[in-house]
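These notes are about the structure you will find just below.
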Amino acid sequence: MLEQENLTQTINRPLEAGYNYFVSAAIIAAKLDQATHIAKQLSLTASNARAVALRAGERAAGFRPLTDFIDRLAEITISSSKKINFLAAILSKTAVTKIRADNAIKHFNLVFEKAHKSPFINSLDKVFEQCKEKQQYLDIQYKRQIGELSEELDMLSSELRNAVILATLSRVEASQAGVEYQDALINVANNVESAASEIKDYIKYSQQIVLTLQ
Amino acid sequence: MKTHKLFENNSHTWIMFGRDDEKPEQIIDSNQYMVVSKNNALLMDPGGIELFSSMLAAVIKQVPAEKITHLFASHQDPDIISSLGLWDQALPCATLHSPWIWESFIRHFGMESITYDAIADVGGEIKLDNVLLEFIPAHYLHSSGNFNVYDSEAKILMTGDIGAALESIDAPLFVDDFDQHIASMKMFHQRWMPSNSAKNDWVNRVRKLDVEMLCPQHGRIFKGDDVKRFLDWFEALEVGLIEKK
């Protein structure tokens, strides 16, 4: 319950406008890391559901294939979260290098200002050009990596839409499993729904951060 | 940033940079030194990030960037070398000479292009064209891996934190009244320097050198008789103390 409250607080908190790019990327990595943990719990839920459905026998015959879908959903979420985590970590690194390159350019500009009358000021032209080239290269890399990250977040978000259907179908099948197993299977359906909802919140939050990076 | 020529002959020049009135108030003022020979230049303890643009602007007034082929960091402190990541972009072909024990630490400041020349504990030397400069061990004064730079021709010893004083930005470049100057440097040496034996070892080593100017990284330069006065004072000083309030 407390966890859910914390999550709600985090999600509802307005996005801090002052985040540096690399901090934002690190936040995305952290959010998706949390999503991975939830997906692992979802995978456990699928195993439990399979066991309950097996015990329920014929009455829960319709539930058993659903457990495979829950499993698949958990697998996709875990692998996609890992990929997003990896992409966010690379993006964070690129952002740090980009800030350093931007910083170097800023310092060079100050030098050009302070020493513009120096007879040797032109000796900095070559390294300054190299710094600018590096900055441009990093800029392209940065934009490409944001695109990849955004795409992966969209893909996972769309996969999670299936979770609502999966939860509804699970409830329908649970209602036919008899009194003894009904509660346990409805609980599975609820778990699927709440896990998917939590993960979707993390994704939504990450997508908002990505928008601020563009 | 003030620039002052300390020595000049046919083969090389010593230049001091410091008293930067553009630096943020809360950071300690520092002295940077440069030896310029015919085709090369060595920049010593080039300073922190906050100082970089003032420093490069001052240096570029003296020599073209490509002439600065060597950097020296007496030890690993941020006011000594935290600007490394920026020098790395400005002088990609340079070599940094610094204590071997700090290599993996100093690289944290960002070093992709510059070459690290690790100085062994016993010291070493570097030749700038025909000018020989020696790296004199000054370990535990205050850093556990620490070197001075000695030029026997110019009789200048760049001592890093040894001889440093905490003073205002408008302090004179040279010590003019040694006894009065003690007040500005006593606490610094007692609090920062951890070892009496390392200190005495260093004093004995430096007494064997012919030193006309002793140039610390903070505060004023000791010249002529004040060099001996400093060595006598430092030898008698008990270090590794925390002042009781």
Derivation and outcome, side chain to side chain contact (heavy atoms under 4.5 Å, CB included), residues B:Gln89 and A:Gln130 | CA-CA 8 Å; B:Gln89 313 227 14; A:Gln130 283 169 349; over 6 Å; no
Does the side chain to side chain contact (heavy atoms under 4.5 Å, CB included) test come out yes or no for B:Leu56 and A:Phe108, once each step is laid out?
-> CA-CA 9 Å; B:Leu56 180 57; A:Phe108 275 118; 3.8 Å; yes
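In this structure, A:Glu129 places its CD atom where more than 12 heavy-atom neighbours from other residues, nucleotides or ligands lie under 6.0 Å away. Other residues, nucleotides and ligands contribute at most 12 non-hydrogen atoms within 6.0 Å of the NZ atom of B:Lys155. For CZ of A:Arg144, the number of neighbouring non-hydrogen atoms (other residues, nucleotides, ligands) closer than 6.0 Å is greater than 12. Residue-environment remark: NE2 (B:His4) exceeds the threshold of 12 foreign heavy atoms within 6.0 Å. By the 6.0 Å contact criterion, OH on B:Tyr140 is open, its count of non-hydrogen atoms from other residues, nucleotides or ligands being 12 or less. Other residues, nucleotides and ligands contribute at most 12 non-hydrogen atoms within 6.0 Å of the CG atom of B:Asn130. For CZ of A:Arg72, the number of neighbouring non-hydrogen atoms (other residues, nucleotides, ligands) closer than 6.0 Å is 12 at most. Annotation: A:Lys82, atom NZ; neighbour count of heavy atoms from other residues, nucleotides and ligands within 6.0 Å does not exceed 12.
For B:Glu22, the part sitting under 4.5 Å from any heavy atom of chain A is the side chain, from C-beta outward, and nothing else. Using a 4.5 Å cut-off between heavy atoms, A:Phe128 does not touch chain B at all. Within the 4.5 angstrom heavy-atom criterion, only side-chain atoms of A:Lys134, from C-beta onward, approach chain B.
Taking 4.0 Å as the cut-off between side-chain N and carboxylate O, B:Glu66 and A:Lys126 do not count as a salt-bridged pair.
From A:Lys114, atom NZ reaches atom CE of B:Met55 across 12.0 Å, with rounding to the nearest 0.5 Å. Atoms CH2 and NE2, from B:Trp87 and A:His107 in turn, are 10.5 Å apart once rounded to the nearest 0.5 Å. Rounding to the nearest 0.5 angstrom, the gap separating the CG atom in B:Leu86 from the SG atom in A:Cys131 is 9.0 Å. One finds the NE2 atom of A:His116 at 14.5 Å from the CD1 atom of B:Ile60 (value rounded to the nearest 0.5 Å).
Checking side-chain atoms of A:Ser123 against main-chain N and O of B:Ala65 turns up a donor-acceptor pair under 3.5 Å. Not a single donor-acceptor pair under 3.5 Å links the side chain of B:Ser53 to the backbone N or O of A:Val111.
Highest contact tally toward chain B, considering only A:Asn103, A:Leu110, A:Leu124, is held by A:Leu124 [criterion: heavy-atom pairs under 4.5 Å].
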